[in-house]
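Counting begins at 1 with the first residue of the sequence. For the numbers below, each heavy atom of this structure counts, side chains included, while hydrogens, waters and symmetry mates do not. In this text the structure is predicted, and so the values were computed from the model without any measurement. Counting starts at 1 for both ligands and their atoms, in listed order.
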Amino acid sequence: MGDTATRPWVLVTGASGGIGLELAKRFARDGHPLALTARSGGALEAAARALVALGSPRAEAIALDLSEPEGPATLAAELARRAIAPGILVNNAGYGLLGEFAELPLDDELAMARLNVVAVIELTKRLLPGILAAGRDGGILSVASTAAYQPGPYMATYYASKAFVLAWSEALAEELAGRTRVTCLCPGPVPTGFQARAGFADGIPLNSGLLPLTRADRVARAAHAAFRRGRRVVVPGLLNRTGAVAVRALPRAAAAKIVARLQRQRADRPASRGATKEAGR
Ligand SMILES: NC(=O)c1ccc[n+]([C@@H]2O[C@H](COP(=O)([O-])OP(=O)(O)OC[C@H]3O[C@@H](n4cnc5c(N)ncnc54)[C@H](OP(=O)(O)O)[C@@H]3O)[C@@H](O)[C@H]2O)c1
């Protein structure tokens, strides 16, 4: 990386909390200026102040909904209006929905797919010239999940969206090798706002067993280190890594049955669903 004065802007989507905020802290400590986006304007403004205190020379908050069809284009236009050309893009914003495909509301599934998949493609495409212009200081860090490694009955669209992010990121890493860094982060379960929004009643029953590595700050530390080294895929946590490798040895139908059993346990104890947009966000 270059010296602080020339460090590129980092755009972090989903920076108002959870893994995104922890990733933003890592880049702030490195002295990068930061553009932060999510729907919650107040939380973003607070995050921006905290990130400047941590070492970022400038942190800009842009509140918008990336699941809206015009969200990514509006964000790109707002960045241009503020003369911000990110050299690093962190595609982190995303959420899951627990439930039977036949019963989940179509609008919720489509909004999730637009956020988890379409916004990732569109933002990366729109910002790629600036990322490539940053040369070896630039890059793309996208957040998939260990969900990417197998089919996910009762979270079918979510698991498939993360399989997309992983395969797409690995493909871009090959296409762009030597021109920029492309890293995909695949976390296992991490206690964040994710579980309530997905509709889990019972916290994180599918615990990795290595608690320190599942914390959002630990996940962000591993991801940031992997990105700096130019690694293509990072799965934080020994058990998560072992699981991601082991599942490849199983027939896909057997993996689907195992996930179905786990997700049915969650679905049997449904929480109040947070899939629709909460008031004030
Ligand atoms: N937590 C886990 O167990 C886990 C495991 C594997 C992968 N992941 C992935 O990690 C990423 C971050 O999730 P997290 O665990 O940190 O969850 P989180 O705490 O719920 O954070 C999600 C972030 O995305 C933002 N966001 C949500 N909907 C948005 C929208 N429509 N437009 C713009 N921003 C939006 C949220 O802010 P607003 O609500 O203010 O918009 C928030 O900043 C996601 O891609 C998730 O799929 C999470």
Side-chain angles (χ1 to χ4, degrees), residues 11-25 35-48 61-72 74-75 78 90-98 107-108 110-120 122-123 141-149 152 155 157-166 169 184-200 203-208 211 213-220 222-223 234-237 240 243-244 266 274-281:
L11 170 64
V12 182
T13 70
S16 62
I19 296 167
L21 179 55
E22 294 300 327
L23 285 168
K25 287 179 188 172
L36 313 169
T37 191
R39 293 167 304 168
S40 318
L44 279 182
E45 295 290 352
I62 305 173
L64 51 73
D65 188 339
L66 281 173
S67 71
E68 296 287 342
E70 296 306 318
T74 305
L75 175 56
E78 183 57 22
V90 180
N91 285 311
N92 164 76
Y95 67 94
L97 292 174
L98 177 66
D107 286 350
D108 290 351
L110 291 180
M112 178 176 58
R114 280 197 298 269
L115 180 66
N116 293 10
V117 176
V118 177
V120 171
E122 186 171 347
L123 269 183
L141 171 59
S142 301
V143 183
S145 167
T146 49
Y149 289 93
M155 291 188 84
T157 305
Y158 175 72
Y159 273 57
S161 75
K162 294 303 180 180
F164 168 85
V165 173
L166 175 59
S169 184
C184 187
L185 166 64
C186 296
V190 184
T192 62
F194 178 89
Q195 288 75 28
R197 188 149 193 227
F200 295 179
I204 313 172
L206 189 58
N207 200 300
S208 77
L211 275 174
L213 287 172
T214 65
R215 280 176 18 203
D217 58 334
R218 302 289 177 95
V219 166
V234 53
V235 183
N240 291 324
R266 288 170 168 161
T276 48
K277 287 173 213 161
E278 294 89 337
R281 284 191 148 186

query: Under a heavy-atom criterion of less than 4.0 Å, does A119 contact ligand 1?
result: no
field: side-chain contact (heavy atoms from CB on, under 4.5 Å) evaluation trace for L75 with I62
entry: CA-CA 8 Å; L75 175 56; I62 305 173; 3.9 Å; yes
query: Against heavy atoms of I19, which atoms of ligand 1 measure under 4.0 Å?
result: 10 (O), 15 (O), 16 (O), 48 (C)
- prompt: Out of G188, G193, S145, who gets a non-hydrogen atom closest to atom 4 (C) of ligand 1?
  reply: G188
- request: May I ask you to identify, for A216, whether its side chain, its backbone, both or neither come under 4.0 Å of ligand 1 on a heavy-atom basis?
  value: neither
field: Min heavy-atom dist A43 to ligand 1 below 4.0 Å
entry: no
query: Given that the side chain starts at C-beta and the backbone is N, CA, C, O, which of these parts of L66 lies under 4.0 Å from ligand 1, counting heavy atoms, or is it both or neither?
result: both
message: I'd like to know if the side chain of S16 and the backbone of A43 have a donor-acceptor N/O pair within less than 3.5 Å.
response: no
- request: Evaluate the criterion side-chain contact (heavy atoms from CB on, under 4.5 Å) for residue pair L97 and T157; output intermediate values, then yes/no.
  value: CA-CA 8 Å; L97 292 174; T157 305; over 6 Å; no
- request: Number the atoms of ligand 1 from 1 as they appear, then name those within less than 4.0 Å of a heavy atom of P189, with their elements.
  value: 3 (O)
task: Report the relative orientation of the aromatic rings in F200 and F194; use parallel for angles under 30°, tilted for 30 to 60°, perpendicular for over 60°.
output: perpendicular
task: Taking the side chain as every heavy atom from C-beta outward, state whether Y149 and L166 have any pair of such atoms under 4.5 Å apart.
output: yes
- prompt: Between A147 and Y159, which heavy-atom pair has the shortest distance, and what is it?
  reply: O-CD2, 3.3 Å
query: Between OG of S142 and CG of L185, what distance do you get to the nearest 0.5 Å?
result: 9.5 Å
query: Is K162 reaching over with its side chain to a backbone N or O of V143, donor-acceptor style, under 3.5 angstrom?
result: yes
field: Close-contact set for ligand 1 against S67 heavy atoms, below 4.0 Å
entry: 31 (N)
query: Among the heavy atoms of G17, does any lie under 4.0 Å from an atom of ligand 1?
result: yes
- prompt: For ligand 1, is there an atom lying under 4.0 Å from some heavy atom of E22?
  reply: no
message: Is it the case that ligand 1 has an N or O less than 3.5 angstrom from some N or O of T37?
response: no
- prompt: Okay, side chain of Y95, backbone of M112: is any donor-acceptor separation there less than 3.5 Å?
  reply: yes
Atoms of ligand 1, numbered as shown, that sit under 4.0 Å from any heavy atom of D65: 30 (C), 31 (N), 32 (N)
message: Show the nearest heavy-atom pair for residues R39 and A63, with the distance to one decimal.
response: O-CB, 3.8 Å
message: Could you tell me, atom by atom, which parts of ligand 1 come under 4.0 Å of a heavy atom of V143?
response: 9 (C), 10 (O), 11 (C)
message: Test your reading of the structure: does Q195 have an N or O sitting under 3.5 Å from an N or O of ligand 1?
response: yes
query: Which atoms of ligand 1 sit under 4.0 Å from any heavy atom of G18?
result: 16 (O), 19 (O)
- prompt: Backbone or side chain, does any N or O of K162 fall under 3.5 Å from an N or O of ligand 1?
  reply: yes
message: Contact between ligand 1 and A144 is defined here as a heavy atom of the residue under 4.0 Å from a ligand atom; is it met?
response: yes
- request: Answer yes or no: does an N/O atom from G20 fall short of 3.5 Å to an N/O atom of ligand 1?
  value: no
task: Of the side chain and backbone of L64, name the one, both, or neither that has a heavy atom under 4.0 Å from an atom of ligand 1.
output: backbone
message: Taking a cutoff of less than 4.0 Å between a non-hydrogen atom of the residue and any ligand atom, is E68 in contact with ligand 1?
response: no
- prompt: Does any N or O atom in L115 lie less than 3.5 angstrom from one in ligand 1, N or O only?
  reply: no
task: Only one of N92, N91, V12, L23 passes side-chain contact (heavy atoms from CB on, under 4.5 Å) with L141; say which it is.
output: L23
task: State the atoms of ligand 1, each with its element, that fall below the 4.0 Å cut-off from a heavy-atom position in A15.
output: 43 (O)
message: Working to the nearest 0.5 angstrom, can you tell me the gap between L64 CG and E70 CD?
response: 11.5 Å
query: Under the criterion side-chain contact (heavy atoms from CB on, under 4.5 Å), which of T146, V219, N240, T192 is the partner of P187?
result: V219
- prompt: Who's closest to atom 35 (C) of ligand 1 heavy-atom-wise, of A63, A24, A93?
  reply: A93
field: Side-chain (E45) to main-chain (S40) donor-acceptor, under 3.5 angstrom
entry: no
